[in-house]
There are 2 protein chains.
Amino acid sequence: MGKHQHHEHQGESLADAARANLEKSGEKWTDTRAAIFEALAGFSRPASAYDIAELVSTARGKRVAPNSVYRILDLFVANNLAMRVESANAYLANSHPGCEHDCIFLVCDTCGEATHIDDELLSQQVRKVAKNQGFSSIRPVIEVRGICQKCT
Amino acid sequence: MGKHQHHEHQGESLADAARANLEKSGEKWTDTRAAIFEALAGFSRPASAYDIAELVSTARGKRVAPNSVYRILDLFVANNLAMRVESANAYLANSHPGCEHDCIFLVCDTCGEATHIDDELLSQQVRKVAKNQGFSSIRPVIEVRGICQKCT
DNA sequence: GAGTGTTAAGATACAACATATCATTTTCGA
DNA sequence: TCGAAAATGATATGTTGTATCTTAACACTC
Ligand SMILES: [Zn+2]
Ligand SMILES: [Zn+2]
Ligand SMILES: [Zn+2]
Ligand SMILES: [Zn+2]
């Protein structure tokens, strides 16, 4: 848990929060977006765009093309409703949309589960290292691959 | 630069160091491996397996299949002759093979160049966060995407 | 309500990244 | 030289991601 307060939403409540957040940015909460968010939030592990496309297609009885999923996931990431786990080529729903910070993901190489950590101090240090090298528009990618406790 | 001393090899010298290191592990320095290492070391940015396959194939006038390149890159990574940049799906030659540490990569979204940083303190903190969560076999992935000084 | 512009989503194709499997060649010791 | 083991090749296929164009939905004006 980070150093600041925030709700960890789930289920209905999470979708509502996501919707509110997206609409606050002037974007629409369409049926397709709702379906994709629901699917994403339903996964307990990082889900690939193709995982989501398949699930949503089945659930709605109507095909959603992967490129549409990518578009919407990009929108979600840009608006902080979801995060991309780079080392897994996959996405996670943000359980506290609207709360912006650099996330740290611990990904289990055995079960695929990802633990989401916030550590402002640590991520600020990473940003600082990059800034010292003259970087701008900094986006830290802090992940750890390993074996989780359950799988040990 | 890290807190410890090490040579930053280049060209012939780098290949020699890589070779020595690989052979120390009981692995062979074959022609194909030498060619792939040379190609990899010749790139100034992280190179994909397919980039390398193409370059080596052309240079030798004999096709190297991508899967062979992947195999050899995996071997290089396992023996610390190369590093994989996760957020770029690409590889970099290790300019000080044999020196083992968690690398930090700053990758420019504009020009693709990657700056390699070592910060033992920082990477240890990341390891610690994972350890606190019960993770084992920890492999930190610390990268920063952004715009480099040159491209600003 | 018809016309018009804008945004969202679909269809399709393809590019890029990665692995699986089996065959062939090379290496090296017995 | 023979046979086993390791390295590489050939080929196929799986997975991830983008480009381009079309169609559908929506809102706004007239
Ligand atoms: Zn938070
Ligand atoms: Zn696990
Ligand atoms: Zn070092
Ligand atoms: Zn740059």
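Quick note on labels: first sequence line is chain A, next is B, and so on, each numbered from 1.
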From CH2 of B:Trp29 over to C1' of D:dT8, roughly how many Å is that when rounded to an integer?
16 Å

For A:Ala49 and for B:Asp31, locate the closest nucleotide of DNA chain D by heavy-atom distance; then report the residue assigned to the nucleotide nearer the 5' terminus.
B:Asp31

For the backbone of B:Glu120 and the side chain of B:Asp102, can you confirm whether one donor and one acceptor N or O come within less than 3.5 Å of each other?
no

In whole Å, what is the span from the OH atom of A:Tyr70 to the C1' atom of D:dT16?
4 Å

Minimum-distance nucleotide (side-chain atoms of A:Ser48 versus D:dT16, D:dG9, C:dC17)
D:dT16

Using whole Å, what does the distance between atom P of nucleotide D:dG14 and atom CG of B:Asn89 come to?
20 Å

I want to verify a distance call: between D:dT8, C:dT12, C:dA8, whose nearest atom is closest to the A:Arg33 side chain?
C:dA8

What's the shortest heavy-atom distance between A:Ser57 and A:Val64, and which atoms?
OG-N, 2.9 Å

Across all chains, not counting sequence neighbours, the side chain to side chain donor-acceptor pair (under 3.5 Å) partners of A:Glu23 are A:Arg19

I need the CD1-C1' distance between A:Ile52 and D:dG17, as an integer number of Å.
14 Å

Classify the ring geometry between A:Phe76 and A:Phe37 as parallel (under 30°), tilted (30 to 60°) or perpendicular (over 60°).
perpendicular

Going 5' to 3' through nucleotides 21-30 of chain C and flagging B where a protein heavy-atom sits under 4.0 Å of the base, S where only the sugar-phosphate is that close, and - otherwise, we get B---------

What's B:Thr30 touching, base or sugar-phosphate or nothing? Going by heavy atoms closer than 4.0 Å.
sugar-phosphate

What does B:Arg63 touch in the nucleic acid at a heavy-atom separation under 4.0 angstrom: a base, only the sugar-phosphate, or nothing?
base

